[in-house]
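Throughout, a chain's letter reflects where its sequence line sits, starting with A, and its residues are numbered from 1.
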Amino acid sequence: MSAPLLETRRLRVDVPGRTVVTALDLELKRGERLAILGRNGAGKSTLLATLAGLRPPADGEVLLAGTSYAALPAREAARQRAWLGQVQIDPFASTVLETVLAGRHPHLGRWAWESADDARIAREALAALGLAGLEQRQVQTLSGGERQRVALAALLTQRPALFVLDEPLAHLDLNHQIAVLDLFAAAARDCGAGVAMVLHDPGLAHRYCDRALLLHGDGRSELGSADALLTAARLSQLYGHSLKALDDEGRRWFVPA
Amino acid sequence: MPSRRRAYLILALLGLLALLSMGLAMTAGSLQVSSADMLAALGFGEGSGVGVEVIRGLRLPRVLGAFACGGLLALAGGLMQVLLRNPLADPYVLGISGGAGVGAMVALLLGLPLLGINGLAFAGAIGAMLLVFGLAHGDGSWTQTRLLLTGVIVAAGCGALVALILSVAPESKLRGMLFWLMGDLSQAIEPTLALVALGLLLALSLPFARELNLLARGQMQAQALGVAVTRVRRLIYLLASLATAVAVTTAGSIGFVGLVVPHLVRLAVGNDQRLLLPAAALAGGSLLVLADTAARTLIAPQQLPVGVLTALIGVPVFLFLLARQSK
């Protein structure tokens with residue numbers, strides 16, 4: 001029926017002195033999951049911020065559900081897409097519950113306070129990330145992995161159609177890495193959410209994403225199905241280190257050779 | 001869980017504290033005023049005489065002026081701390097008091113009347129505000145660091161100018177200059193402007209309080225959650241600067257209220273700006289009323305500059321908070 005959740009047309013993204021992608025035409029439909037891979041400094045975060053509408057493109061345009069970010073008020077955009085940044089810094093004290101409730105902001109009127117309903121949504125999000133019982137903890141006392149899961153819970157609380165995630169697995173142990181990826185897979189499958197995320201493990205990208213975008217860091221990029229793009233040969237070239245693929249019952253893992 | 005009922009309760013308590021501190025300040029002084037005269041002065045009943053005159057002409061304006069300045073400084077401090085995402089920011093960190101100081105020193109040096117001093121101080125404050133805004137805006141980035149650095153440098157420049165004026169000023173004018181610089185409420189005889197400014201600036205900042213909560217968590221996060229970051233940051237900068245300019249113009253650069261009060265209130269009630277901003281305004285006003293009462297009664301008939309007292313209270317409180325925080 002409608003426009004794709006996220007669409008780029010002839011998108012060019014620059015970082016000072018370098019081009020990250022040129023002429024990128026990308027469509028992300030409901031329920032689709034896209035992995036973005038590349039070396040450190042390839043411009044993944046910059047591209048992601050552009051896809052989230054937080055940074056104007058150098059050329060071309062980015063459309064959220066058919067409307068260009070340039071024509072979309074920030075508040076409208078916030079109801080439809082959530083963005084996870086790489087660092088969570090808390091200069092001021094705040095409880096876990098308050099931090100997660102921030103995700104309700106775009107759904108509340110100017111004078112409204114968070115209702116019991118909002119609190120319920122926030123508690124559910126915390127429970128989904130295994131943080132039930134930590135509601136009253138100060139965020140500054142949390143471990144890195146716990147803080148990361150609080151940030152993810154805030155995104156769930158925002159209830160968007162599109163998740164744009166910069167390294168969602170940062171600081172997470174193996175158990176929670178899988179739990180978080182399962183959570184977004186379920187959101188895509190059951191609620192039709194679209195997910196675009198930066199991952200550093202091509203094996204997990206292959207297991208959890210339909211499509212992949214490889215950023216070579218010099219303006220070249222490759223977009224395609226995860227199965228076709230995530231091969232030992234391409235990834236060895238991408239990372240500049242020879243990788244070996246291990247196939248295991250339909251899953252594909254990559255280890256440094 | 002932030003709730004409106006809790007906020008109203010806390011604000012009601014702080015409002016009571018403000019009234020009590022004003023009541024106390026009104027009764028304190030070398031002249032004992034009877035309660036009948038006090039009520040008469042406040043418009044509840046008939047009365048005349050020296051007691052009524054003292055309350056109406058001296059104590060009431062001064063108390064209201066102190067309350068308004070304290071409230072303005074605490075409000076500006078709370079806003080600056082969010083704007084710079086730095087709990088150590090205060091209303092003066094961006095050079096506004098420095099600019100006002102230069103203006104006031106020039107006026108005092110020229111021997112201008114009170115109106116001239118206030119006018120030049122306000123002009124200096126606004127000048128410093130525009131200078132910092134323009135310079136920090138230079139390349140369009142307007143980051144916290146750039147804003148902070150620009151403000152600190154402009155403040156340092158103003159400090160040097162003030163020192164220069166002090167060193168060439170004639171002996172007879174030095175005392176007035178020093179009192180102005182330390183903060184002094186004895187000249188605050190016309191509190192209406194400051195009171196109106198307090199009410200207006202607070203009313204203008206409250207609609208953006210939840211957006212400020214998000215800004216305190218980070219600019220990109222706030223933007224992703226639908227805050228028009230650039231516009232809101234400019235607005236807070238403007239509101240905080242105006243609040244500081246009015247307070248400094250009324251009472252000189254009174255230290256530590258703007259730094260310590262938002263801190264104390266944050267520790268007590270949390271960092272929700274919807275509650276923090278009005279609570280800090282009430283608490284800051286009450287604190288300055290009490291400090292000023294002490295300043296004019298401790299070694300009466302001589303008066304101390306109130307800025308010295310707020311700093312004397314503020315320094316140990318702040319050090320205590322810092323020591324507690326690092327644990």
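Residues B:Gly226 and A:Ala78 share a closest heavy-atom pair of N-CB, 3.5 Å. For A:Ser94 against B:Arg217, the heavy-atom pair with the smallest separation is OG-NH2, 3.2 Å. In terms of heavy-atom proximity, B:Pro87 sits nearest to A:Pro91 at CG-O, 3.8 Å.
Both the backbone and the side chain of B:Leu225 have a heavy atom closer than 4.5 Å to some heavy atom of chain A. Contacts between B:Ala222 and chain A at a heavy-atom distance below 4.5 Å are absent for every atom of the residue. Only the side chain of B:Asp272 comes within contact range of chain A, judged by heavy atoms closer than 4.5 Å. Neither the backbone nor the side chain of A:Val164 comes within contact range of chain B; no heavy atoms are under 4.5 Å apart. When heavy atoms are compared at a cutoff of 4.5 Å, B:Val229 does not approach chain A at all. In this structure, the portions of A:Leu108 lying under 4.5 Å from any heavy atom of chain B include both its backbone and its side chain.
Enclosure of atom CZ in A:Arg18 by more than 12 non-hydrogen atoms of other residues, nucleotides or ligands within 6.0 angstrom is indicated. Crowding of B:Arg5 atom CZ: a count of heavy atoms from other residues, nucleotides or ligands under 6.0 Å not exceeding 12.
For residues 46-56 of chain A, the interface with chain B (any heavy-atom pair closer than 4.5 Å) comprises A:Ala49, A:Gly53, A:Leu54, sorted by residue number. Interface with chain B: from residues 70-77 of chain A, residues A:Ala74, A:Arg75 qualify, criterion being any non-hydrogen pair under 4.5 Å.
Listed by first then second residue, pairs satisfying side-chain hydrogen bond (donor to acceptor under 3.5 Å, both in side chains) with a partner in residues 77-91 of chain A read A:Ser45-A:Gln86, A:Gln86-A:Asp166, A:Gln88-B:Gln221, A:Asp90-A:Arg147, not counting sequence neighbours.
Annotation: maximal heavy-atom pairing with chain A below 4.5 Å, among B:Glu211, B:Arg210, B:Met220, occurs at B:Arg210. Taking chain B as the reference chain and counting heavy-atom pairs below 4.5 Å, the highest number among A:Gln158, A:Glu135, A:Arg104 is found for A:Gln158. Most heavy-atom pairs under 4.5 Å with chain A: of the set B:Val82, B:Leu214, B:Val227, this distinction falls to B:Leu214.
Formation of a donor-acceptor pair under 3.5 Å by the B:Arg266 side chain with backbone atoms of A:Ala93 is not found in this model.
Electrostatic pairing of B:Arg274 and A:Glu114 counts as a salt bridge here, judged by a charged N lying under 4.0 Å from a carboxylate O.
Residues A:Phe92 and B:Leu276 form no side-chain contact, since every pair of their non-hydrogen atoms from C-beta on lies 4.5 Å or further apart. The shortest distance between side-chain heavy atoms of A:His105 and B:Asn213 does not fall below 4.5 Å.
In this structure, the side chain to side chain contact (heavy atoms under 4.5 Å, CB included) partners of A:Arg137, at least two apart in sequence or on a different chain, are A:Val96, A:Leu134, A:Thr141, A:Leu142, A:Glu146.
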